[in-house]
Amino acid sequence: MIENICLNTDSYKVTHHYFYPKNTQKIYSYMESRTGAEFNKTIFYGLQYMLKKHLAGHVVTEDKVFEAEKIISQHIGENIFNIDDWLYIANELDGKLPVEIKAVAEGTPVDVGNVLMTIENTDKRCFWLPTYLEPLLLQVWYPSTVATLSAEVKKLFNFYLKVTGCDINNAENMLQDCGFRGTTCLEASMIGGSAHLLNFTKTATVPSLLIPQQYYNEDKVCAYAIQATEHSVMTSLSEEGEISQAINVINSSKGGTLAMVIDSYNYRNFLEQAVDVNTEFNQEIMKYISKDNNKILFRPDSGNPVTIVPESLNILSKGFKTYENNKGFKKFEDNIGLVWNDGLNYNTLRDVLFEMTSNGWAADNVLFGMGAGLHTLINRDTQRNAFKCSAQYRDGQWHNVSKEPLDTTKKSKSGRLKLIKENNTFKTVPITDEGEDMLRSVFKNGEVLIEDTFSDIRKRTLNYTQ
């Protein structure tokens, strides 16, 4: 399927070109995370991907225009689609979109209630185009929200690592993206998964590795994974042969960190046999972890992690040595630990870490994985992302426009805007006010003007999460 930019909008947007006041020449719109969002800052991410994939270059052709006209005629009615102006873009503007987009640098954590991106047309004939493109551009809410949630989880890890006397450098390894199978489509797994990689270096979502390389000028892989089993492996010899199969897995491993899922039947029995020094299983485990850089993680992925994680650590401590760190929290002496990947979200992660701390366990004894909690238990309202028109130019002057409904939380901004920083806090002000504008012109007339590397974007999130 060939993408058609003329159809990448809401149905009603197609009708607006004849609804705006006469003599309208420019429309100016902005995006923000409105006050009342779940987290008090939004990490803006994903626009460069969208620009390069959907908007850059000669994206409008006669064939696309005629295809769109045919579809809209059947979808809404005859003489509705703005065929003349779209053909003007295709033929007179070389198929390039006559708009300018400004945005805060990707990876920047911005206080909610502030402008993140603006758009206005550069050709007066195409005044209707900025709002036509709004639905597509607003989809940046998804990678931005994943990036924001992921960053907040990393902050949580850093807090508990400090409280329990651990190295905060371990934080970037503590959360793996396990969401590929639970995302709505391949593209969502890629762009959402890459957003997570701004904060962490672990993922099981292989397609997400392509976004930094193909759209963010990165020349190396940005995340890593470990050897791990699933239930199809661990149940191969049925319940009676589970331990024999576990031994086979250990002996077949290529070395390094190995994670074994242990809830196929009874995770308690599995752990009890793992710590029993009289079993072949324990002996094979000890042989494996005695080698440099080898580690085994047990994954008891069923039930309530708030109670099962501390319980499982306590069972492991009966067979594998622990010591108290300088803050008095228990850590395993050998290369042993837990991993939990099931049913996690921000709140359950917080509760698990709190319970571990209450039971005297250091935070870095456990690694975690998030799937739906990272990718699909969020929506546009998580950070209250909205795109609104705030100014229109006609009859030789700019007119400020806004909405102010009875629900005052949905009040929009008016006028042309810029984003400044005062005392390390972002503030949205009229474009004529003093102060350096943190919004950069990133796209104009079909050309991407600024291209960041993924590494650059990662650096912008670092201070926020520590």
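Computed from heavy atoms alone, side chains included, the values below leave out hydrogens, waters and symmetry copies.
A side-chain donor-acceptor contact under 3.5 Å links T465 to the backbone of L462. At least one donor-acceptor pair closer than 3.5 Å links the side chain of R458 to the backbone N or O of L197. For E218 (side chain) and F454 (main-chain N/O), a donor-acceptor pair under 3.5 Å exists by modelled atom type. Proximity of a side-chain donor or acceptor of K64 to a complementary backbone N or O of V59 within less than 3.5 Å is detected. Under a 3.5 Å cut-off, the side chain of T145 and the backbone N or O of W141 do form a donor-acceptor pair. Side chain of N325 to backbone of A362: no donor-acceptor contact under 3.5 angstrom is found. A distance-only check finds no donor-acceptor pair linking the side chain of S302 to the backbone of D263 [under 3.5 Å]. Formation of a donor-acceptor pair under 3.5 Å by the R460 side chain with backbone atoms of E106 is found in this model. Under the 3.5 Å distance criterion, the side-chain polar atoms of N335 are matched with a main-chain donor or acceptor of N294. When atom types are taken as modelled, the side chain of D381 and the backbone of R384 share no donor-acceptor pair closer than 3.5 angstrom.
F443 pairs by the ring pair (Phe, Tyr, Trp, His ring centres under 6.0 Å) definition with nothing, not counting sequence neighbours. Contacts of N282 classified as side chain to side chain donor-acceptor pair (under 3.5 Å), with partners at least two apart in sequence or in another chain: none. Residues passing the side chain to side chain contact (heavy atoms under 4.5 Å, CB included) test with S253, sequence neighbours excluded: Q227, L258, Y288. Residues that satisfy the ring pair (Phe, Tyr, Trp, His ring centres under 6.0 Å) test with F387, not counting sequence neighbours, are absent from this structure. Applying the side chain to side chain donor-acceptor pair (under 3.5 Å) rule to N114 yields the partners T428; only residues at least two apart in sequence or on another chain are considered. In terms of the ring pair (Phe, Tyr, Trp, His ring centres under 6.0 Å) criterion, residue partners of F39 (sequence neighbours excluded) are, by chain and number, Y346. Applying the ring pair (Phe, Tyr, Trp, His ring centres under 6.0 Å) test to Y30 and every residue at least two apart in sequence or in another chain returns nothing. Take T122 and apply the side chain to side chain contact (heavy atoms under 4.5 Å, CB included) test, not counting sequence neighbours, and it matches P98, E100, K444, N445. V163 pairs by the side chain to side chain contact (heavy atoms under 4.5 Å, CB included) definition with F159, T357, not counting sequence neighbours.
Within 6.0 Å of the CD atom in E333, the count of heavy atoms belonging to other residues, nucleotides or ligands exceeds 12. Within 6.0 Å of CG in N326 there are more than 12 heavy atoms belonging to other residues, nucleotides or ligands. For NZ of K403, the number of neighbouring non-hydrogen atoms (other residues, nucleotides, ligands) closer than 6.0 Å is greater than 12. Other residues, nucleotides and ligands contribute more than 12 heavy atoms inside 6.0 Å of the NZ atom of K421. For CZ of F354, the number of neighbouring non-hydrogen atoms (other residues, nucleotides, ligands) closer than 6.0 Å is 12 at most.
Residues N173 and T201 have side chains that bring a donor and an acceptor to within less than 3.5 angstrom of each other.
In terms of heavy atoms, S208 sits closest to S189 at CB-O, 3.9 Å. What you find for N199 and A195 is that their closest heavy atoms are ND2-O, 4.0 Å. In this structure, N385 and R380 approach most closely via the heavy-atom pair O-NH1, 2.7 Å.
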Inset, instruction - Apply salt bridge (Lys or Arg N to Asp or Glu O under 4.0 Å) to the pair K96 and E447, showing each step before the final yes or no. - result: CA-CA 8 Å; K96 296 182 177 181; E447 305 293 334; 2.6 Å; yes

Inset, instruction - Start with the C-alpha distance between K331 and D364, add both sets of side-chain angles, then the distance that settles salt bridge (Lys or Arg N to Asp or Glu O under 4.0 Å), and finish with yes or no. - result: CA-CA 8 Å; K331 295 187 66 170; D364 61 0; 3.0 Å; yes

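Aromatic rings of F281 and F270 (six-membered ring for Trp) have centroids within the 6.0 Å cut-off, being under it.
A 4.5 Å side-chain heavy-atom check between F368 and V352 finds at least one atom pair inside the cut-off. In this structure, the side chains of F320 and I285 come closer than 4.5 Å at one or more pairs of heavy atoms.
We find the CD1-CD1 distance between I296 and I289 to be 6.5 Å, quoted to the nearest 0.5 Å. Taken to the nearest 0.5 Å, the CG atom of D276 stands 12.5 Å off from the CG atom of L271.
Evaluation of the salt bridge (charged side-chain N to carboxylate O under 4.0 Å, His left out) test over residues 32-43, restricted to residues two or more places apart or in two chains, returns E32-K413, K41-D111. Each side chain to side chain donor-acceptor pair (under 3.5 Å) pair with one or both residues in residues 308-318, not counting sequence neighbours, appears once here: Y267-E311, R268-E311, E272-K318, N314-W361.
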Could you tabulate the donor-acceptor pairs under 3.5 Å formed by side-chain atoms of residues 43-50, not counting sequence neighbours?
residue, atom, partner, partner atom, Å
Y45, OH, S194, OG, 2.7
Q48, OE1, D452, N, 2.8
Q48, NE2, Y215, O, 2.8
Q48, NE2, D452, O, 3.1
Y49, OH, E187, OE2, 2.4

